[in-house]
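Working notes, structure below.
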Amino acid sequence: MKKIILTVAAVFALSFANAQDLKSKKGENFLPEAGDWAIGFNADGLFNYAGNMFSQAGNSAPSVDYQTAGTFVGKKFTSATQAYRVMANFQVNSGSTTNVSGNKATSSGFALTAGLGKEWRKGKTRLQGFYGADAMLGFSSGSSTSATGVETKNGMGFSIGAQGFLGAEYFLFPKISIGAQYTYGVAISSKAADEVGGVKTTNATSGFDLGGVGVSSINMTLHF
């Protein structure tokens, strides 16, 4: 029993020591430094902003949230604890189907979300906390043509807003980290009227959204 206790204690001590080691055996720094650039890739629904901002019912185009899976995040560190960040998510789709009579139906759409923000960091170990805010801008649109030749145009969607974020990441390797982030935002959105065959079928809409906590379960960031 004594040997087991000593072994467990040694493992914990070694893990703690490794967690405090901010340089690799090759002398490489684990943590970001002033002048570093970083590229972040999100997966599994990173920063999903709650709600459909443009309410495009029946639109075949991709929807735009403040950040969805596939969003690119770039950072420029002005110091070891501060960084500017930019975000971009561009989605586009296009497709067609042909019925048994040989008539073709088509659909296409796009969605763009972009943001600019500032990040502050805390922590003196490989586990780092961070927080900050982003200003956000989004656009989306789509159209389709039925097999009978009737064209449907979905009105252009537009959104402007801001979000605060809070998260943490752990540097598994020098300048390579995984982490999670929570966001809370506010947005004003609008959408032009839809048209079918050149005739408006809906009214233009506008909205105001407050809230929307999003979480990233997987987030990898590369610093260089």
Side-chain angles (χ1 to χ4, degrees), residues 22 28-54 61-93 110-123 125-140 157-189 209-224:
L22 302 183
E28 302 167 308
N29 290 323
F30 275 88
L31 305 182
E33 305 169 86
D36 280 1
W37 293 84
I39 301 175
F41 304 92
N42 66 310
D44 209 16
L46 179 63
F47 310 149
N48 283 330
Y49 191 85
N52 183 353
M53 298 179 63
F54 304 124
S63 61
V64 177
D65 290 337
Y66 268 163
Q67 265 199 305
T68 56
T71 298
F72 161 85
V73 180
K75 300 180 185 180
K76 170 64 174 178
F77 283 82
T78 57
S79 71
T81 58
Q82 295 185 33
Y84 288 104
R85 53 188 248 162
V86 295
M87 289 166 288
N89 188 327
F90 182 67
Q91 303 175 58
V92 61
N93 71 359
F110 81 93
L112 171 66
T113 305
L116 177 64
K118 182 70 179 291
E119 175 181 299
W120 289 266
R121 307 179 67 84
K122 293 289 186 180
T125 67
R126 286 159 60 178
L127 178 63
Q128 298 271 293
F130 60 88
Y131 60 93
D134 302 310
M136 311 296 298
L137 195 65
F139 301 90
S140 70
F158 170 76
S159 179
I160 185 171
Q163 66 179 11
F165 59 86
L166 175 68
E169 58 185 6
Y170 184 79
F171 286 80
L172 293 173
F173 307 103
K175 304 299 179 76
I176 301 177
S177 66
I178 59 170
Q181 173 179 283
Y182 294 85
T183 64
Y184 197 87
V186 58
I188 299 173
S189 61
D209 297 293
L210 174 64
V213 177
V215 60
S216 161
S217 57
I218 300 175
N219 178 30
M220 175 172 285
T221 306
L222 311 177
H223 303 75
F224 53 93

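We count residues from 1, following the sequence as given.
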*asked:* Using modelled atom types and a 3.5 Å cut-off, is there a donor and acceptor pairing between side-chain atoms of Gln91 and backbone atoms of Ala111?
replied: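 No; zero donor-acceptor contacts below 3.5 Å.
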
*Identify, with sequence neighbours excluded, every residue that meets side-chain hydrogen bond (donor to acceptor under 3.5 Å, both in side chains) alongside Lys76.*
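Listed in chain order: nothing, the list is empty.
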
*Name all residues meeting the ring-ring contact (aromatic ring centres under 6.0 Å, His included) criterion together with Phe130; count only those two or more places apart in sequence or in a different chain, and write none if there are none.*
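Phe130: no ring-ring contact (aromatic ring centres under 6.0 Å, His included) contacts found.
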
Rounded distance [0.5 Å steps], [atom1] in [X] versus [atom2] in [Y]:
X	Y	atom1	atom2	result
Ile176	Phe224	CD1	CZ	12.0 Å
Lys118	Phe165	NZ	CZ	10.0 Å
Leu210	Ile188	CG	CD1	11.0 Å

Taking side chain to side chain contact (heavy atoms under 4.5 Å, CB included) as the definition, give me every residue that meets it alongside [X], ordered by chain and number, with sequence neighbours left out.
X	value
Leu116	Val86
Leu166	Tyr131
Ala38	Lys75, Phe77, Thr221, His223
Ser79	Thr81, Gln82

*Dump the intermediate steps for side chain to side chain contact (heavy atoms under 4.5 Å, CB included) on Thr113 and Met87, then the final yes or no.*
CA-CA 8 Å; Thr113 305; Met87 289 166 288; over 6 Å; no

Please name all residues satisfying salt bridge (charged side-chain N to carboxylate O under 4.0 Å, His left out) with [X], sequence neighbours left out, ordered by chain then number.
X	value
Lys175	Glu33, Asp36
Glu169	Arg121
Glu28	none

*asked:* Please determine whether side chain to side chain contact (heavy atoms under 4.5 Å, CB included) holds for the pair Phe158 and Leu137, giving the CA-CA distance in whole Å, both sets of side-chain angles, and the decisive distance to 0.1 Å.
replied: CA-CA 8 Å; Phe158 170 76; Leu137 195 65; 3.4 Å; yes

*So, for Phe72 and Ile39, which heavy atoms are closest and what is the spacing to 0.1 Å?*
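Here Phe72 and Ile39 meet closest at CE1-CG2, 3.5 Å.
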
_Please give me the minimum heavy-atom distance between Pro32 and Phe171, naming the atom from each residue._
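Closest heavy-atom pair between Pro32 and Phe171: CD-CZ, 3.3 Å.
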
*asked:* For a side chain to side chain contact (heavy atoms under 4.5 Å, CB included) check, start with the C-alpha distance between Leu172 and Phe30, then their side-chain angles and the critical distance, and finish with the verdict.
replied: CA-CA 8 Å; Leu172 293 173; Phe30 275 88; over 6 Å; no

